[in-house]
Amino acid sequence: MQNPLKSIRVIIAIMLTVYLSAVGASAFKQGQQQGQQPPPRPAINQVSSEEAAREMNNPRSKWFREAKFGLFIHWGLYAIPAGTWKGQQIPGIGEWIMNRAKIPVKEYEQLAAQFNPVKFNAEEWAQLAQDAGMKYLTITSKHHDGFAMFKSQVSKYDIVDATPFKRDPMKELEAACAKRGIKFCFYYSQAQDWHEPNGAGNTWDFGPDDKKDFDQYLRDKALPQVRELLTQYGPLGLIWFDTPRLMTEQRADQFNKMVRDLQPNCLVNGRLGGKGDYRSTGDNRIPNEVVSGVWEVPATINDTWGYKSYDDHWKPPADVIFKLVDITSKGGNYLLNVGPTAEGIIPQPSQDILREVGKWLKVNGEAVYGTSPTPFGKEFGQLSATKTDQRGQPLFEQAKEWRCTTRPGKLYVHLFTWPAKSFTLDGMKGKVAKAYLLADPSRKELKFSQTGDNLTVTLPEKAPSEFDSVLCLETK
Ligand code: FHN
């Protein structure tokens, strides 16, 4: 017979071991997760003044600070399903279809054999960017689905090796951009890669991310592919990393170092997981105030990034022009996206909107490119005294009548609502010497009166632009 005291001791020992290993495992898991998270990104308006100064004084970012307006292109295999999988419209953004519909790698991969964008014409795409007045073009070289839209030796899951198209559209675009003086830039999804067992994000084929050998994925795919981008193309304006899941400072440093070694002038955006040359806001998020430093708003022209055949929620040119000026007057850049079809066509509505914006910029570009933010701020609107947002915070009630951009000796007042007879500005520091409308080729001087910091300019009856008439005030 067994000694009962001995049995009790054995049971206690087993319970203790189970308890301790559970506590230990969860502490380890926590530590591991903490170790794998990138340091929290400060909100766009919460960067220290030293950090903002570092961004502004960086000679590499000069072109970017002046450019203000760029074209984002999300193009990949996801343009084939275009938002519909097996007859079902899949909710959400088009390039996420593999994830949202939990499409197994083996099935999604087969799209490559159908990808043949014979209507793709790099000259036309670059020309559109130029017509729109955009100064840089950032295109998805590899999005989260893991498919390389460039010739890669690292993985044959690329447009040259795996599709009937067999061309490298990135090479063609690079040349077309160079011809037009447009900075050519790559988007690269460094962390999420739903095609790879050890890339982040694909839990339906490969299980949870915390069980993956993420460093193997970085070592064998992401880093060598970024090396290809940096050595086979260029000079690149910037590399746009995204969704830094599982990234740490150390992991980010490997990319940063590679960029600095291979293309010292290439900028790194703020979504790598470590220090970048500038910051991105959340998608489609425009701050409510002037934000110092160097930053950019990535934004959609409808509601998706990658093409969706049934997303017709286009932003009208008036809205795009307002957003461009609003962002510029707060100190940022506007990176506006188009999602080409699987045939290689940029949807006509996107083209029409962009060309309309370009026409406005042809006349008024002086009030956008290379300008500095507003010295005022009251024109942005104010916090509501009564209404709250979804988080219970006071709602910001945006005003849209006017915005202001500046350069030494000049103030540009963008009038979105044409005032009857005159425009009055309070808080005008410095003496105005001349006032005229940028849209008036004769630059006819407008009458004005100034008392202290109160300025009133007499305006013609009709607005010269249906979108934004720019009043230029030259100061002494
Ligand atoms: O997940 C991506 C998304 O597909 C798209 O590329 C945007 C563009 O800013 N970035 C991520 C979400 O923020």
Side-chain angles (χ1 to χ4, degrees), residues 37-38 40-44 64 69-83 85 90-103 108 111 134 136-149 170 185-196 199-204 209 222 225-226 229 237-247 252 267-273 276-287 295-308 311 313 315 320 323 327 332-340 350:
Q37 293 309 315
R41 271 188 287 152
I44 189 85
F64 184 81
F69 197 24
L71 181 64
F72 212 178
I73 305 181
H74 276 65
W75 195 39
L77 296 182
Y78 39 81
I80 299 175
W85 192 253
I90 307 297
I93 39 186
E95 71 285 4
W96 270 70
I97 194 164
M98 180 178 177
N99 183 305
R100 292 276 149 82
K102 299 289 172 267
I103 306 171
Y108 188 87
L111 292 172
M134 291 158 146
Y136 57 111
L137 182 154
T138 305
I139 183 161
T140 46
S141 62
K142 185 201 81 167
H143 202 264
H144 310 331
D145 66 356
F147 186 73
M149 293 291 286
M170 302 297 144
C185 315
F186 279 129
Y187 170 108
Y188 186 87
S189 175
Q190 80 283 19
Q192 290 203 73
D193 191 317
W194 305 330
H195 186 257
E196 303 304 322
N202 184 341
T203 50
W204 59 100
D209 283 353
Q225 282 201 331
V226 169
L229 295 175
L238 59 91
I239 296 213
W240 217 96
F241 295 106
D242 204 2
T243 63
R245 292 192 195 175
L246 305 181
M247 292 296 289
L267 298 175
V268 172
N269 78 325
R271 293 192 187 178
L272 173 60
D277 290 303
Y278 70 91
R279 285 158 292 137
S280 305
T281 64
D283 298 344
N284 289 306
R285 294 263 169 221
I286 302 176
W295 53 277
E296 175 183 62
V297 179
T300 51
I301 198 164
N302 45 357
D303 290 334
T304 182
W305 306 88
Y307 178 64
K308 266 182 106 170
D311 182 343
H313 198 209
K315 295 179 179 66
V320 172
K323 287 187 162 76
I327 294 167
N333 279 22
Y334 189 28
L335 181 64
L336 183 60
N337 181 75
V338 295
S350 308

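First listed ligand is number 1; within each ligand, the first listed atom is number 1.
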Which of the ligand 1 atoms, numbered from 1, are nearer than 4.0 Å to a heavy atom of [X]:
X	result
Trp240	9 (O)
Trp96	1 (O), 2 (C), 3 (C), 4 (O)
His143	3 (C), 4 (O), 5 (C), 6 (O)

With respect to [X], determine whether any N or O atom, backbone or side chain, lies less than 3.5 Å from an N or O atom of ligand 1.
X	result
Gln192	no
His144	yes
Asp283	yes

Point to revise | Asn333-Tyr278 side chain donor-acceptor pair, cut-off 3.5 Å | key: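 Note: Asn333 and Tyr278 side chains miss the donor-acceptor criterion.
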
Exercise for review: Determine whether the side chains of Asp145 and Tyr108 contain a donor N or O and an acceptor N or O closer than 3.5 Å.
Suggested key: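 Yes.
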
Review point. Is a side-chain donor or acceptor of Thr300 paired with a backbone partner of Trp305 at a separation under 3.5 angstrom?
Key: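 No; judged by distance alone, with no hydrogens or angles, the pair does not exist.
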
Point to revise | Geometric class of the Tyr187/Phe72 ring pair [parallel <30°, tilted 30-60°, perpendicular >60°] | key: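 Ring orientation, 0 to 90° scale: tilted.
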
Practice item. Check whether the ring centres of His195 and Phe147 lie less than 6.0 Å apart, and answer yes or no. Key: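 No, the ring centres sit 6.0 Å or more apart.
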
Review point. Is it true that Lys142 and Asp193 have a side-chain N and a carboxylate O under 4.0 angstrom from each other?
Key: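 Asp193 and Lys142: salt-bridged.
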
Practice item. For Asn202 and Trp194, work out which heavy atoms get closest and say how close. Key: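 Answer, listing the atom of Asn202 first, then Trp194: ND2-O, 2.7 Å.
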
Could you check [atom] against the protein and tell me its nearest heavy-atom contact, residue, atom and distance included?
atom	result
atom 6 (O) of ligand 1	His74 NE2, 2.7 Å
atom 4 (O) of ligand 1	Glu95 OE2, 2.5 Å
atom 10 (N) of ligand 1	Asp242 OD2, 2.6 Å

Review point. Side chain, backbone, both or neither: which part of Tyr78 comes within less than 4.0 Å of ligand 1 when only heavy atoms are counted?
Key: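 Within the 4.0 Å criterion, Tyr78 makes no contact with ligand 1.
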
Exercise for review: Heavy-atom distances under 4.0 Å are what count here, so tell me which part of Arg271 touches ligand 1: side chain, backbone, both or neither.
Suggested key: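 Side chain only.
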
**Study point:** pair Val226-Gln190: side-chain heavy atoms closer than 4.5 Å
**Key:**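 The answer is no; the side chains never approach within 4.5 Å.
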
